Amino acid sequence: MSEKIEEKIREYEERLARTQKNKATQKSINYTRAQIAKLRNQLITIASKKTGGGSGYNVKKHGDAQVAFIGFPSVGKSSLLNLLTRGNTESKVASYEFTTVSAIPGMMDIESANIQLVDLPGIILGAASGKGRGREILGCVRSADLVLILICFNYEGMINFEDLNFIRNELHNAGIRLNQKKARIVIKKRTRGGIGFSYNGDQIMDQDEVKGLMNELGYSNASVYFSEPMITPDQLIDFVMGNRIYTKEFVVINKQDLARKKLTNEDITQAIGHDGWVKISALNKENIDDLRHRIFQELDLIRIYLKPPQQEADMDDPIIMKKGDDIERLCLKLHKNILANYRYTLIWGPSAKHPGQKFINRDHVLLDGDVVSIYVKR
Ligand SMILES: Nc1nc2c(ncn2[C@@H]2O[C@H](COP(=O)(O)OP(=O)(O)OP(=O)(O)O)[C@@H](O)[C@H]2O)c(=O)[nH]1
Ligand SMILES: [Mg+2]
């Protein structure tokens with residue numbers, strides 16, 4: 001069953017590769033893309049049935065955020081986990097491939113936050129369709145707050161950049177979108193009237209194309225509104241499919257001790273496509289502290305210090321929240337009864353205009369380093 005679907009996907013992909021892109025072929029290109037997306041969804045469903053729900057390795061989330069390690073076998077994922085965690089985790093390291101056979105979680109302390117790192121078995125091509133425990137591995141990646149992709153220098157002393165693209169491709173096939181935002185689209189089903197299309201700003205697709213694509217995706221009557229400019233057909237497909245995960249990627253280049261060719265940072269940034277990367281050697285423990293801090297930064301966490309009314313703030317044990325979280329989120333995190341009895345909040349620190357600024361509204365966005373006193377009715 002899966003083989004047949006894969007075969008079909010390959011056919012469609014070859015067709016896509018052969019098709020010249022222009023206005024006249026755009027519709028057929030969109031049609032092919034929609035077919036591929038539907039087939040891939042079938043594969044994901046089949047793979048998840050095989051493993052009983054496809055929830056991955058069932059790593060219970062602990063701590064303030066979760067980071068999944070993904071990479072080909074023997075790039076040094078387990079070596080790195082052992083270096084970064086408190087030493088209470090030992091993930092087996094060996095020179096042969098597929099040493100790690102399940103998900104191994106460990107805790108990393110950084111900037112007063114507890115970050116759960118999850119070491120995973122080496123991934124292989126075809127993982128998205130369930131090959132080599134691919135389903136379980138990708139299940140873990142789906143639930144993580146940050147995807148840490150490990151690549152390494154090979155024995156010729158070169159960085160295996162191709163590995164990065166293979167892994168990105170597998171994650172993409174499994175519905176995981178790295179460093180992308182979900183497109184701002186609003187779709188309302190209707191009972192008649194066909195496909196209506198309205199939009200904001202300049203768009204790539206016209207009414208006709210949107211209609212064709214929506215029909216292909218199973219909608220005959222709906223209004224579609226693009227609330228941001230330049231939405232691509234793939235973004236529309238992703239939006240309609242719905243089961244996509246949007247996560248940030250961070251790239252770790254391990255085995256720097258094997259490096260031979262001198263690549264500048266600009267070269268590496270260009271090859272990777274962004275500057276979210278760091279070079280390390282797990283073997284020689286090079287750049288490990290830098291990596292720790294980068295992971296904390298990439299997670300977009302903030303530290304909030306609580307100051308009980310009329311008392312000193314507790315500066316040792318901050319509450320860890322996400323960038324963009326507001327007072328309401330903090331209340332919810334602290335205790336479920338706070339909101340019902342909420343009066344106001346006083347804030348000292350980056351998000352306050354002056355020390356001890358008073359906030360009645362709970363939608364005030366907190367910033368890293370804020371000291372906060374919440375007042376409730378007694
Ligand atoms: N030269 C060099 N070797 C390293 C480095 N980090 C790890 N290794 C070696 O690479 C091999 C594989 O390391 P692991 O940590 O088991 O790799 P893994 O990615 O967890 O492998 P799987 O679990 O099989 O997917 C071991 O022989 C390590 O000693 C490094 O920085 N430099
Ligand atoms: Mg391993």
Side-chain angles (χ1 to χ4, degrees), residues 51 56-59 66-108 115-128 130-141 144 146-171 174 176 249-263 265 268 272 277-295:
T51 55
Y57 281 114
N58 270 328
V59 178
Q66 195 187 53
V67 180
F69 285 13
I70 190 146
F72 281 107
S74 291
V75 294
K77 299 179 291 299
S78 304
S79 309
L80 183 60
L81 180 91
N82 294 341
L83 273 180
L84 292 175
T85 52
R86 285 173 200 151
N88 56 7
T89 334
E90 203 55 59
S91 189
K92 193 174 165 196
V93 170
S95 57
Y96 53 86
E97 303 198 327
F98 303 108
T99 307
T100 309
V101 292
S102 69
I104 316 277
M107 276 291 178
M108 174 176 86
I115 312 294
Q116 185 181 42
L117 307 178
V118 186
D119 180 24
L120 292 166
I123 192 174
I124 59 168
L125 297 185
K131 294 205 176 74
R133 316 228 87 197
R135 183 58 212 167
E136 291 91 329
I137 296 174
L138 294 166
C140 269
V141 175
L146 179 69
V147 179
L148 194 148
I149 303 180
L150 255 98
I151 55 176
C152 68
F153 284 90
N154 57 25
Y155 284 100
E156 280 87 56
M158 311 277 278
I159 302 177
N160 277 336
F161 285 119
E162 323 73 85
D163 284 7
L164 181 60
N165 288 327
F166 277 122
I167 291 167
R168 283 173 172 163
N169 198 35
E170 284 302 327
L171 297 180
I176 299 164
E249 73 167 24
F250 186 72
V251 180
V252 173
I253 308 167
N254 189 27
K255 310 199 184 182
Q256 134 166 276
D257 51 284
L258 299 177
R260 239 183 265 155
K261 194 171 164 232
K262 197 97 192 100
L263 279 177
N265 288 352
I268 298 177
I272 289 180
W277 59 269
V278 67
K279 248 185 331 185
I280 64 159
S281 166
L283 185 73
N284 298 342
K285 302 192 172 60
E286 280 173 73
N287 261 353
I288 302 302
D289 270 340
D290 185 29
L291 171 60
R292 265 180 224 278
H293 286 278
R294 292 295 297 277
I295 292 176

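Read the numbers this way: they start at 1 and go in the same order the structure lists the ligands and their atoms. Remember, predicted model here, so these are calculated numbers, not experimental data.
With hydrogens and angles disregarded, a donor-acceptor distance shorter than 3.5 Å links the side chain of N154 to the backbone of E156. Checked by atom type and distance alone, the side chain of D163 never pairs as donor or acceptor with a backbone atom of I151 at under 3.5 Å.
Interatomic distance, E249 CD to I272 CD1, rounded to the nearest 0.5 Å: 8.0 Å. Going from atom CZ of R294 over to atom CD1 of I280 covers 12.5 Å, rounded to the nearest 0.5 Å. The CG atom of D119 sits 11.0 Å away from atom CG of L148, with the distance rounded to the nearest 0.5 Å. Distance CG/L81 to OG/S91: 5.5 Å, rounded to 0.5 Å.
Tested against F69 for a side chain to side chain contact (heavy atoms under 4.5 Å, CB included), the candidates V75, V118, L117 yield a single pass: L117.
For the pair I137 and G122, the tightest heavy-atom approach, listed with the atom from each and the gap, is CD1-O, 3.8 Å. Here the closest heavy-atom approach between residue I167 and residue G71 is recorded as CD1-CA, 3.7 Å.
Protein N/O/S atoms closer to the Mg ion (ligand 2) than 2.8 Å number 2 in this structure.
Protein residues are said to neighbour a ligand when one of their heavy atoms lies under 4.0 Å from it; for ligand 1 these are P73, S74, V75, G76, K77, S78, S79, V93, A94, S95, Y96, E97, F98, T99, T100, G122, N254, K255, D257, L258, S281, A282, L283.
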